[in-house]
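Take a look at the structure below.
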Protein chains: 2
Amino acid sequence: MIVVTLKDIAREAGVSVMTVSNVINGKFSRVSEENAKRILKIIEEHNYVPNLSARSLAKSTSKIISIILRGEPDENTLRNPHHATLLGIVIQKVQDQGYYTMVNKVESHEDVLRSLRTWNVEGAILLGMFDDEIENIYSINDVPLVFIDSYSDARQLSNVGIDDDKGGQLAARYLIEKGHRKIAFVGPPLRGNGVVKHRFDGFCSELKNNGIALNPRHHFVVKSDVQPEAIIQMGERMACLHDEITAAFVTSDQIVPYLIRGLAKNDIFVPKDFSIIGFDNSTISTLVIPQLTTIAQDIDKKAELAVEILFRQLNSPDSPAESLVLDVELVERESVAAMRACSDS
Amino acid sequence: MIVVTLKDIAREAGVSVMTVSNVINGKFSRVSEENAKRILKIIEEHNYVPNLSARSLAKSTSKIISIILRGEPDENTLRNPHHATLLGIVIQKVQDQGYYTMVNKVESHEDVLRSLRTWNVEGAILLGMFDDEIENIYSINDVPLVFIDSYSDARQLSNVGIDDDKGGQLAARYLIEKGHRKIAFVGPPLRGNGVVKHRFDGFCSELKNNGIALNPRHHFVVKSDVQPEAIIQMGERMACLHDEITAAFVTSDQIVPYLIRGLAKNDIFVPKDFSIIGFDNSTISTLVIPQLTTIAQDIDKKAELAVEILFRQLNSPDSPAESLVLDVELVERESVAAMRACSDS
DNA sequence: CTGAAAGCGCTTACAG
DNA sequence: CTGAAAGCGCTTACAG
């Protein structure tokens, strides 16, 4: 198949490339109706598709949005259903705007900068970037950026996230209401200023309001990617601490089923012997038994808003940075039981 | 931030753009060591990144691989963990080769062609395309294409898939071995020549080998995207047919938990009262209780092989089309029980 | 309404 | 080892 160019179309139509270009770009006011029709027909016949590299070069713009996924070298970020769902929506919405999406997995802020500056990328949505990385990215960048679930002190940051602190608080308050006082925290490392840190802070502050302090021994750390075996073993160990803790707040629903399995191995059953509250209200939370009590967030909305903000900035470059915080709420299901000793019913 | 170009670097280094270009492209044999070093330093200092649109135009090549996801208008394809996992691996592997990934969601073969011809895309990996669409794509295309999980009579088709027929057979055989004779089939519509059709065919042929015919009433059709409510209701209906069927083969693990829930609503419990075998051996299969007996496939491998084939064809354009079929196997867990009446133990 | 010219930032022969 | 010229396919002023 020979590549058809503007020039070919122009020759066949007996007009200049300019005229064809005008037709392609919908500037019909500059072309006679007769010519426009004829050219359109020829374009159709030849199945002509403009060479976007050439257009991009000429306009120094590209219609490309880069979607940047932060991840560790051996981690398949999309195995995380939260990330996958988010990405699916973002791709769809970007495409709906007539833009193209390039997806980059990055392991550092250097990777980010490279991704951002190669294809005249017009903007980017970044997922999972940390505090310190964001600083570096901002210092060298010139296209609109929208972060998802990032925290940063950078003044001019566009971000859409959820109220992670409140999520932690709700979890703690609920468990306390149910009579629990010896509560564990389970989640990935508290790197920098991330979502986990905020969930942790909210959780601890609510404990504190009730005169409870989190025993560092009861802060369980898991890897960022869900590793079933490791979590099951952690569950087994938690079961041995059963006299010390009666409940746990877990920062992701994905972790919970394995934890429950590990606990069960040592005859600790949820919710009868041990209560757990998860986070995300993901699909899994209604698939397992007991169904998970969890902190719900609206992932679709988060993705949609991120794209909306990005295009707002693309369309009017002087529009201000926007930082949106979506609400979270507790969804009560079956994985938390009231303590008999301190029943409040 | 001003864009730095080859010319800027050349001016500062006091050489021609050609020389700088040679350095950037690693053709050091054509540049004096002294110059190379100096140029490298200047490039570094200015954080120069080549404009890939320009390069793409000049070389009529792009280093872009298009990943094409077939989906319905309102479907978030990446909510399907199988697709998401696959995409994650593909993106990673393509990136490891120094290429860029563009992700396109398409709803027809026209969309595919447009995606393929805009950015001088060098090749594509296509997920979820149907028979008839493939014909159309091939007729107008000129870059290497690798399909995943597609079936087609097209001669020169590169595809990596799994042995879906065998999957269906294994499921049927296992249920029969366990004494079941009245077995239902649950899955998305049997569109054209797709994976579901093959699982169905393998399933039916094994039934037939055992003198069993699938009653059309026992062929349950679900939507392509998992709709919990609809599936739960289907489970309720199946429960009412409990005298007619004792087991079901379900073409995706994702569907099973909802089905189980629906059945339970009408007091039919898995595996005690009803047996189910799933497909994929996805994460979920070990998270639910009972853990799912299922047909296992290796998604990571499938993704890796697809990328390997693609690059083989990119690197030597005359290399033949490859069609790989990965094996599947039955993973025995807890969702199938032996029929008492026909015990074979 | 239409077109000739110049240019986007790079690479590809080719000549020195 | 080095560079001047032409070209990739498009768009942007500008002139008619």
Is B:S21 near enough to C:dT11 that one of its side-chain N or O atoms lies under 4.0 angstrom from OP1 or OP2?
-> yes
Side chain of B:L6 only, please: which of C:dT2, C:dA13, C:dC10 is the nearest?
-> C:dC10
Test log, rule salt bridge (charged side-chain N to carboxylate O under 4.0 Å, His left out), inputs B:E122 and B:K59 = CA-CA 12 Å; B:E122 291 194 48; B:K59 301 180 63 158; over 6 Å; no
C:dT2 phosphate, OP1 or OP2: any side-chain N/O from A:S32 under 4.0 angstrom?
-> yes
May I ask you to verify if any side-chain N or O of A:T5 is less than 4.0 angstrom from the OP1 or OP2 atom of D:dG9?
-> no
Which residue lies toward the 5' end of DNA chain D, B:A36 or B:K59, if each is placed at its nearest nucleotide?
-> B:A36
According to a strict under-4.0 Å criterion, is B:Y48 in side-chain N/O contact with OP1 or OP2 of C:dC10?
-> yes
Compute whether any side-chain donor of one residue and acceptor of the other, for B:S108 and B:E110, lie under 3.5 angstrom apart.
-> yes
Mind checking A:S53 for me? I need base, sugar-phosphate or nothing, with any heavy atom below 4.0 Å counting as a touch.
-> nothing
N/O (side chain, A:N22) to phosphate O (OP1/OP2, C:dC1) under 4.0 Å = no
Under 4.0 Å between a side-chain N or O of A:N35 and OP1 or OP2 of C:dT2?
-> yes
At under 4.0 Å, does any side-chain N or O of B:R30 touch on OP1 or OP2 of D:dC1?
-> no
Phosphate contact (C:dT2 OP1 or OP2) by A:K27 side-chain N/O below 4.0 Å = no
Could you spell out the base pairing of DNA chain D in dot-bracket, with Watson-Crick or G-U pairs whose two distances are under 3.5 Å, [ ] crossing and | to another strand?
-> |||.||||||||.|||
Between C1' of C:dT11 and CG of A:L57, the distance in whole Å | 12 Å
Main-chain N/O of B:A13 paired to B:R38 side chain as donor or acceptor, under 3.5 Å | yes
May I ask you to evaluate whether A:N25 reaches the phosphate of D:dT11, defined as a side-chain N or O under 4.0 Å from OP1 or OP2?
-> yes
Determine: side-chain N/O of A:T19 to OP1/OP2 of C:dG3, distance under 4.0 Å, yes or no.
-> yes
If you measure from CG on A:N22 to OG on A:S29, what distance do you get to the nearest 0.5 Å?
-> 8.0 Å
Would you tell me whether A:Q313 and A:S158 have side-chain atoms, one donor and one acceptor, within less than 3.5 Å of each other?
-> yes
